[in-house]
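Heads up, the thing below is written out as structure tokens.
Values below: all heavy atoms of this structure, side chains included; hydrogens, waters and symmetry mates excluded. Every value quoted in this text rests on a predicted model; they were computed, and no experiment measured them.
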Number of protein chains: 2
Amino acid sequence: MEPALDTVSAERPSQARPVYTENCPVREILDQIGDKWTTLILLTLAAQPQRFSQLMRAVPDISKRMLTQTLRNLERDGMVERTVFPTKPPSVEYALSPLGRSVLVPLGALVAWADSHHAAIKAARREFDGVR
Amino acid sequence: MEPALDTVSAERPSQARPVYTENCPVREILDQIGDKWTTLILLTLAAQPQRFSQLMRAVPDISKRMLTQTLRNLERDGMVERTVFPTKPPSVEYALSPLGRSVLVPLGALVAWADSHHAAIKAARREFDGVR
DNA sequence: CTGTATCCTAAGCGATACTG
DNA sequence: CAGTATCGCTTAGGATACAG
């Protein structure tokens, strides 16, 4: 498999080449992870498997529509497993799959970075907005 | 500063509490990193500082409008430094700041994850789409 | 060469009502 | 409880034309 990160090319050290072109699978994945809810759901499920209504409460401002949609996409990508218990009324539990747990490592690192640097970013913004 | 990751609460082990509420600074940062172009620009600048037109070539399908906008946001957040050389016609160089280089660590890890797992994801999708 | 301004479309998402 | 269907708004973002 090709390495994704086509950075400085040895043959042409002064010229960067295109990195990710249009139908790049890495782009696709990043796009989904970067959508409004996916990361939040993954982080919430990291704590423990949870039912639909628990997730609704854990992510206070998500709509049923978007929760369903996000969960379906995650299930489709093999990151989340969905289990239906035939109680009445039915209850459904969502849990991270091994793949889902594995993405949590780099994702958690990114969240940790955001948490420890958001003060610096806020300061940079004030500076920038003040200057111009 | 509070830890961002409010996962399993010790007091109420069977109940997850809300993770990130609406005006969470971590959400803001993730939203920008997760937009269509920011990560691509950061990765491209990781190779070397580059001029506007070089970036246009390096990211083949970005528009001038979005390149400008993404660079401005990154500059505003203190991740990218913009230097104007008073040549004629003017040339402008963009480079990562220390903050920009620091985010590249977790971001690079995430990209590496995406690269090494996109085959598994594609397989999961085929499975899912085939079953239902 | 490095932008800015305007217009316009497509996608994302929320609100609401309905269903097994 | 756990969804689905429909609607309509809002925003992201592409195309194009213009400017310093």
What's the closest nucleotide to the [X] side chain, out of [options]?
X       : options              : result
B:Met66 : D:dG3, D:dC1, D:dG13 : D:dG13
B:Ser91 : D:dC1, C:dG3, C:dT2  : C:dT2
A:Arg51 : D:dC1, C:dG3, C:dA5  : D:dC1

Query raised in the report: At under 4.0 Å between heavy atoms, what does B:Lys36 touch on the DNA or RNA strands: base, sugar-phosphate, or nothing?
Result: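 Touches sugar-phosphate only.
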Report task. Look at all strands and tell whether A:Phe85 reaches a base, only sugar-phosphate, or nothing, counting heavy atoms closer than 4.0 Å. Result ->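 No contact.
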Report task. Could you pick out which residue, A:Leu71 or A:Arg65, lies toward the 5' side of DNA chain D when each is mapped onto its nearest nucleotide? Result ->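 So the residue in question is A:Leu71.
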Quickly work out the [X] [atom1] to [N] [atom2] distance and round it to whole Å.
X       : N      : atom1 : atom2 : value
A:Gln69 : D:dT6  : CD    : P     : 15 Å
A:Glu75 : D:dA2  : CD    : P     : 14 Å
B:Ile62 : C:dG3  : CD1   : C1'   : 14 Å
B:Leu67 : D:dG14 : CG    : P     : 11 Å
A:Met56 : D:dC1  : CE    : P     : 11 Å
A:Gln54 : D:dA2  : CD    : P     : 8 Å
B:Asp31 : C:dG12 : CG    : C1'   : 12 Å
B:Glu93 : C:dT2  : CD    : P     : 11 Å

Check ion pair [X]-[Y] (N to O, under 4.0 angstrom):
X       : Y        : result
B:Asp31 : A:Lys36  : no
B:Glu28 : A:Arg125 : yes
B:Asp77 : A:Lys122 : no

Any [X] side-chain N or O less than 4.0 Å from OP1/OP2 of [N]:
X       : N     : answer
B:Arg82 : C:dG3 : yes
A:Tyr94 : D:dC1 : no
B:Thr68 : C:dT2 : no
A:Arg72 : D:dG3 : yes

**Report entry** side-chain contact (heavy atoms from CB on, under 4.5 Å) partner of B:Thr39, the single match among B:Leu110, B:Leu107, B:Thr44, B:Val103
**Finding:**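 Output: one option passes, namely B:Leu107.
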Query raised in the report: Of A:Pro89 and A:Asp35, whose closest DNA chain C nucleotide lies nearer the 5' terminus?
Result: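 Nearer the 5' end of the strand: A:Asp35.
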Requested in this report: Spell out, as yes or no, whether a donor-acceptor pair under 3.5 Å connects the side chain of B:Ser97 to the backbone of B:Glu81.
Outcome: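 Here the side-chain-to-backbone pair does not exist.
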Report task. Test for a donor-acceptor pair under 3.5 Å between the base of C:dG3 and the side chain of B:Lys64, counting only N and O atoms. Result ->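 In this structure, the two groups form a donor-acceptor pair.
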